[in-house]
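Only one structure is covered here, and it is reproduced in the block below.
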Number of protein chains: 2
Amino acid sequence: MHTMRPLIHPSIEDITVEGILHALSDPVRAAIYAELAVSSGATCSNFLKISDRDIPKSTLSQHFRALREAGLIRSERQGVEMRNTTRCAEIEQRFPGLIISIMKAHQIQAAERLRSVKHKPNNKSRTG
Amino acid sequence: MHTMRPLIHPSIEDITVEGILHALSDPVRAAIYAELAVSSGATCSNFLKISDRDIPKSTLSQHFRALREAGLIRSERQGVEMRNTTRCAEIEQRFPGLIISIMKAHQIQAAERLRSVKHKPNNKSRTG
DNA sequence: TTCTATAGTTCATAAGTTACGAACTACCGG
DNA sequence: CCGGTAGTTCGTAACTTATGAACTATAGAA
């Protein structure tokens, strides 16, 4: 019978560049973070499907933990669910331009992938 | 009796943001990359010691491979040694500002660490 | 050519990390 | 109290990383 340990949010000075890069080097976590940056307050189960891929909820939970403990997001219980918000303002203070340029690079890459799928349609397209 | 497979340098369009972030999320690799960005052409064995830490040469070799295969550096044999240069100009073309802001963030963090060591001297200082 | 030295790579494996199903906790509305 | 929804933890299988030993590759000297 195990208890539920409290959520860990590192203080801004304990956040490391290595931690941020590692957390965002996973495509699922990068997608979650990018979405949170736009639609603040999203919950864990909003991401059970990410670009046609099903993510098991235990895996999702671990990804949220990784983002949280890297200092990238803040999670707060609100009733039965968990509201997640990015800590981008704080991180921008400490590491100016870092998060923005990473997100921009992810966007550029996503745009390129879209273009290459349009040009060679049987590349990576899922058949139903 | 195994042969030595040729060095792999991904073409610029095969470089991914995830790959770059993952490669630079390791402190040893980040230190190597930062040094290469300044003193171009450094060799593998120039890094057998990184900030008072000894790195075994097999480990170093793997770190160089990781940087190379992520597209961050180019390695060329020159006689008995290997000359390494960053591919930052190419990457800057594709993902503007990415590498620069990561390096800047690393600098900020290194500066902070230096300051905190000065203020509490027995914190992380090696005793000979 | 052969011998020696230096630089770096590969392989085997031990150590560490991550993914995910099953079982759980936490909270809300009856 | 029960039943439902949201998310966490645990165990373990799969994957990744670190490192010593043995290797390849090259240069220079004899």
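Computed over heavy atoms, backbone and side chain alike; hydrogens, waters and symmetry mates excluded.
- Contact record, Val17(B) with Gln109(A): N-OE1, 2.7 Å, taken as the closest heavy-atom pair.
- Scanning both residues, Phe64(A) and Thr43(A), for their nearest heavy atoms gives CZ-O, 4.3 Å.
- Across dG20(D), dA18(D), dA22(D), the shortest atom-to-atom separation from the side chain of Lys57(B) is found for dA22(D).
- The CG-C1' distance, from Asp54(A) to dA19(C), rounds to 15 Å in whole Å.
- In summary, Arg74(A) and Glu90(A) engage in a salt bridge, as defined by a charged side-chain N under 4.0 Å from a carboxylate O.
- Distance from the side chain of Cys44(B) is smallest to dG8(C) among dG8(C), dG7(D), dG20(D).
- Map His63(A) and Gln78(A) each onto its nearest nucleotide of DNA chain C; the residue landing nearer the 5' end is His63(A).
- Note: CG (Asn46(B)) to P (dA7(C)) measures 9 Å, nearest angstrom.
- Checked against dG7(D), dT9(C), dC27(C), the side chain of Thr43(A) finds its nearest nucleotide in dG7(D).
- Atom CD1 in Ile55(A) sits roughly 11 Å away from atom C1' in dA19(C) (whole-Å rounding).
- Following rounding to the nearest Å, Leu60(B) (CG) and dT9(C) (C1') show an atom-to-atom distance of 12 Å.
- For Leu48(B) and dG8(C), the CG to P distance is 8 Å, given to the nearest whole Å.
- Annotation for Glu76(B): atom CD does not count as buried by contact number, only 12 or fewer foreign heavy atoms lying within 6.0 Å.
- Of the candidates dT9(C), dA26(C), dT6(C), the closest approach to any side-chain atom of Met4(B) belongs to dT9(C).
- Atom CZ in Arg5(A) sits roughly 5 Å away from atom P in dT9(D) (whole-Å rounding).
- Separating the CD atom of Glu76(A) from the P atom of dG7(D) is a distance of 14 Å, rounded to the nearest angstrom.
- Thr59(B) comes within 4.0 angstrom of a nucleotide base, judged by non-hydrogen atoms across all strands.
- Side-chain proximity of Arg77(B) to the nucleotides dT9(D), dG7(D), dT26(D) is greatest for dT26(D).
- Contacts of Ser61(B) with the nucleic acid, taken as non-hydrogen atoms under 4.0 Å apart, include base atoms.
- Note on Glu112(A) versus Arg94(B): salt bridge recorded, some NZ/NE/NH1/NH2 to OD/OE distance being below 4.0 Å.
- Between Arg83(A) atom CZ and dG7(D) atom P the separation is 9 Å, expressed in whole Å.
- Among the protein residues, Met82(B) comes within range of the sugar-phosphate backbone only, with heavy atoms under 4.0 Å from sugar or phosphate atoms but none that close to a base.
- If Ser58(A) and Glu81(A) are placed on DNA chain D by their nearest nucleotide, the residue sitting closer to the 5' end is Glu81(A).
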